[in-house]
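Structure first, commentary second.
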Amino acid sequence: MAKTSSPILSFCKYLLAIVLGSSLYLLFITFFNKSFADYDLWGYLSFGRVFWQEGFFPYKDIFAYTPTKSLWVYHEWLTGTVFFGLIKYLGPASLQLLRYIIAILTIYLIYSTARKRGGSLFYVIIILIPSMLLISFGYVAVRAQIFTFFFFILTLYILECSKMTEDRTILRWLPFIQVVWCNFHGGFVAGLGLIFLFALGEGLMRKNMALSYLKWGVIAALATLINPYGIEYWLYTIHALSMPRPDITEWYSALTALKSHVHVFPVTLFMIMSLITLLVSLVRKKKDVTELLIIATVIFLGIAHIRHNILLGLTFGAYMPVYLSECAYEWNAKGHSFKLIGFLSIVFSTLMIGACFYFYPKTKITFIPDFRIVVSSDYYPTKAIQWMVTNNIKGKILPHFEWGEYLIWSCYPDCRLAMDGRYETVYRDNVHKEYFDFLYGRNGWNVFLRKYPHDIVLLKRGTRTHSLMINEKDWHVVYYDLVSVVFMRKNLKK
């Protein structure tokens with residue numbers, strides 16, 4: 001009987017592998033198949049265009065006419081350089097391909113970390129589903145943050161490998177990772193945080209590796225000075241970390257986001273996964289101080305700012321399979337044949353997928369990845385810009401915030417901007433404070449309007465500021481459509 005059942009078992013294993021592989025592929029394409037052009041993309045490309053076509057490195061902003069900082073510390077400069085090179089020589093599809101590749105590598109590292117730590121294949125695959133779902137919200141479009149997600153899990157993988165084997169040689173990769181990471185995105189500080197959390201956790205447990213983590217953490221931190229700005233990069237980073245951003249939704253706290261009905265599903269998913277992770281890690285018999293520190297930190301960061309929710313998705317996928325595998329082993333050791341933990345894991349993952357389709361009913365299931373980068377006229381002022389080009393309208397533009405970098409890409413050097421998405425790196429603090437008062441029609445909203453020599457105001461139609469501008473005697477509407485409205489000074493010559 002054993003011999004005759006062996007081929008059947010082998011066939012079932014192959015069939016199960018095919019089903020799981022196809023399911024993961026389908027889920028990956030469904031979750032990560034995004035084509036909308038992110039507003040920040042145009043800032044990256046504008047920098048890259050100056051670097052490659054103009055032949056110089058812009059240490060001072062050249063796109064604005066309002067007061068700017070004496071030094072433009074662009075922490076995403078390498079992202080812009082790479083993105084522009086790709087789109088110029090290989091086309092927009094190359095950016096989407098890069099996004100897919102980085103996402104696949106990130107997911108593979110989550111899988112490898114979980115397996116390296118002893119997670120069973122079943123739980124690793126099941127937990128990858130909610131992990132991928134939460135992570136996918138960080139891959140809505142091509143952004144510099146995708147490099148931070150990749151380097152974060154790569155750093156965690158290296159640290160976990162060294163912790164399990166006490167191999168100090170693998171830690172030598174950390175400074176090289178930090179050099180590349182800090183030039184792609186300012187999220188490199190998350191990697192340094194991981195290293196020092198390992199040093200602290202292992203130190204509290206009096207493990208031999210603590211000093212090695214500390215040493216290589218210091219070396220990795222010093223390595224970040226290898227950037228175009230030197231120590232000024234760190235001065236900017238320290239300022240940026242403590243800088244309040246109450247007007248930017250991705251910097252909302254989790255509670256503020258829920259109250260404001262912003263990104264409700266990913267934030268709710270983050271909260272549920274946080275609760276599960278905390279409960280499982282606390283009831284786990286084999287407690288690890290380092291892991292508890294990391295879990296507590298990523299949950300705190302995600303609660304403080306919803307843009308950091310993704311870090312929990314990475315950590316959840318790497319740590320939770322081990323916890324569930326241990327619980328299942330203990331459950332089975334007590335003689336219980338019912339796979340309750342595995343069943344609950346499947347139910348949870350299935351419910352999360354169902355909830356995703358409930359909150360995003362327009363999500364399409366497809367086997368074919370989309371390589372387009374869509375600039376939708378429903379979200380971008382494409383028609384207004386075309387009207388300006390047709391009528392040879394040039395000058396200094398006061399734009400809607402989200403459109404600023406797109407205007408830089410589309411209209412420079414014929415037009416310059418009062419404000420754009422690079423506000424924290426380029427503009428002085430008082431300037432963007434006055435600008436956001438204008439943008440949201442707050443008290444003193446017209447201070448920014450009258451303080452600087454704007455020629456054109458390009459706003460999102462139907463906003464409070466749109467209504468206020470109609471009563472400004474020095475301005476009149478020269479164009480409008482369903483998305484945007486253009487005001488021009490009455491004494492401005494076309």
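Reckoned from all heavy atoms, side chains included, excluding hydrogens, waters and symmetry mates.
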Tyr74 and Tyr44 aromatic ring geometry - parallel, tilted or perpendicular at 30°/60° bounds: tilted
Aromatic plane relationship, Tyr59 with Tyr229 - under 30° parallel, 30 to 60° tilted, over 60° perpendicular: perpendicular
Distance-only donor-acceptor check, side chains Tyr139 and Thr106, under 3.5 Å: yes
pair Asn183-Phe188: side-chain heavy atoms closer than 4.5 Å: no
Leu301 backbone acceptor or donor facing Asn309 side chain under 3.5 Å: no
Main-chain N/O of Val262 paired with Ser260 side-chain donor or acceptor, under 3.5 Å: no
Tyr360 and Phe265 aromatic ring geometry - parallel, tilted or perpendicular at 30°/60° bounds: perpendicular
Working for salt bridge (Lys or Arg N to Asp or Glu O under 4.0 Å), residues Glu160 and Lys116: CA-CA 8 Å; Glu160 287 292 344; Lys116 189 77 175 179; over 6 Å; no
Minimum heavy-atom distance Leu24-Met132, with the two atoms named: O-CE, 4.1 Å
Any donor-acceptor pair under 3.5 Å from Ser349 side chain to Ile346 backbone: no
Minimum heavy-atom distance between Thr148 and Gly187, given as atom pair plus value: OG1-CA, 3.5 Å
Tyr233 side chain vs Cys182 backbone, donor-acceptor pair below 3.5 Å: yes
Side-chain (Arg99) to main-chain (Lys34) donor-acceptor, under 3.5 angstrom: yes
Heavy-atom pair of closest approach, residues Ala418 and Tyr427: O-CE2, 3.3 Å
Test item: Ser325 side-chain N/O and Ser120 main-chain N/O as donor-acceptor pair under 3.5 Å: yes
Side-chain (Asp420) to main-chain (Leu417) donor-acceptor, under 3.5 angstrom: no
Electrostatic pair Arg284:Glu291 at N-O distance under 4.0 angstrom: yes
Ring geometry between Tyr323 and Tyr319 (parallel below 30°, tilted from 30 to 60°, perpendicular above 60°): tilted
Greater than 12 external heavy atoms within 6.0 Å of Leu241's CG: yes
Exceeds 12 heavy-atom contacts within 6.0 angstrom, atom OH of Tyr108: no
Worked check of salt bridge (Lys or Arg N to Asp or Glu O under 4.0 Å) between Asp429 and Lys433: CA-CA 6 Å; Asp429 292 348; Lys433 180 186 179 303; over 6 Å; no
Ile219 vs Lys215 side-chain heavy atoms within contact, under 4.5 Å: yes
Mutual orientation of the aromatic rings belonging to Trp77 and Phe57 [parallel < 30°, tilted 30-60°, perpendicular > 60°]: perpendicular
Which atom of Phe31 lies closest to which atom of Ile129, heavy atoms considered: CE1-O, 4.1 Å
Donor-acceptor contact below 3.5 Å, side chain Gln96 vs main chain Arg372: yes
Residue pair Ser253 / Thr256, side-chain donor-acceptor N/O under 3.5 Å: yes
Basic-acidic side-chain contact under 4.0 Å: Asp288, Lys207: no
Side chain to side chain, Val179 and Thr224, heavy atoms closer than 4.5 Å: no
Geometric class of the Phe51/Phe47 ring pair [parallel <30°, tilted 30-60°, perpendicular >60°]: parallel
Backbone N/O of Leu459 and side chain of His400: donor-acceptor pair under 3.5 Å: no
Over 12 non-hydrogen atoms of neighbours within 6.0 angstrom of CH2 in Trp251: yes
Thr68 versus Lys60, closest heavy-atom pair with distance: OG1-NZ, 3.8 Å
Minimum heavy-atom distance between Val375 and Ala37, given as atom pair plus value: CG2-CB, 4.1 Å
No-hydrogen, no-angle side-chain donor-acceptor test under 3.5 Å, Tyr236 and His75: yes
Residue Tyr379 excluded, over 12 heavy atoms near OH under 6.0 Å: no
Donor-acceptor pair between Trp52 and Thr81 side chains, under 3.5 angstrom: no
With Leu45, the side chain to side chain contact (heavy atoms under 4.5 Å, CB included) member among Asp40, Thr79, Ile87: Ile87
Pair Glu402-Lys460, salt bridge (Lys or Arg N to Asp or Glu O under 4.0 Å): steps then yes or no: CA-CA 10 Å; Glu402 294 171 336; Lys460 184 176 285 187; 3.6 Å; yes
Residue pair Leu41 / Leu95, side-chain heavy-atom distance below 4.5 Å: yes
Side chain to side chain donor-acceptor pair (under 3.5 Å) partner of Ser212, chosen from Arg168, Glu202, Glu166: Arg168
Residues Ser131, Leu314; criterion side-chain contact (heavy atoms from CB on, under 4.5 Å); working and verdict: CA-CA 7 Å; Ser131 180; Leu314 301 169; 6.0 Å; no
Parallel, tilted or perpendicular, as decided by the 30° and 60° cut-offs, for the rings of Phe401 and Phe436: tilted
Side chain proximity check, Ile110 to Leu128, heavy atoms < 4.5 angstrom: yes
Ring geometry between Phe151 and Phe184 (parallel below 30°, tilted from 30 to 60°, perpendicular above 60°): tilted
Residues Arg428 and Glu434 bridged, charged N to O under 4.0 Å: no
Distance-only donor-acceptor check, side chains Ser484 and Tyr380, under 3.5 Å: no
Side chain Arg416, main chain Ile62, donor-acceptor under 3.5 Å: yes
side-chain contact (heavy atoms from CB on, under 4.5 Å) evaluation trace for Leu154 with Trp181: CA-CA 11 Å; Leu154 176 59; Trp181 189 352; over 6 Å; no
Atom CZ of Phe176 with >12 non-hydrogen neighbours under 6.0 angstrom: no
Any side-chain heavy-atom pair of Met271 and Thr268 under 4.5 Å: no
4.5 Å side-chain heavy-atom contact, Ser35 and Ile373: no
Heavy-atom check, side chain of Gln53 versus side chain of Phe84, under 4.5 Å: yes
Charged tip of Arg49 within 45° of Trp409 ring normal and under 6.0 Å: yes
More than 12 heavy atoms from other groups under 6.0 Å of OH on Tyr358: no
Residue Phe300 excluded, over 12 heavy atoms near CZ under 6.0 Å: no
Trp72 six-ring centre to Arg422 NZ/CZ under 6.0 Å and within 45° of normal: yes
Passing option when Met419 is tested against Leu439, Ile397, Val431 for side chain to side chain contact (heavy atoms under 4.5 Å, CB included): Val431
Short side-chain donor-acceptor distance under 3.5 Å, Asn33 and Tyr100: yes
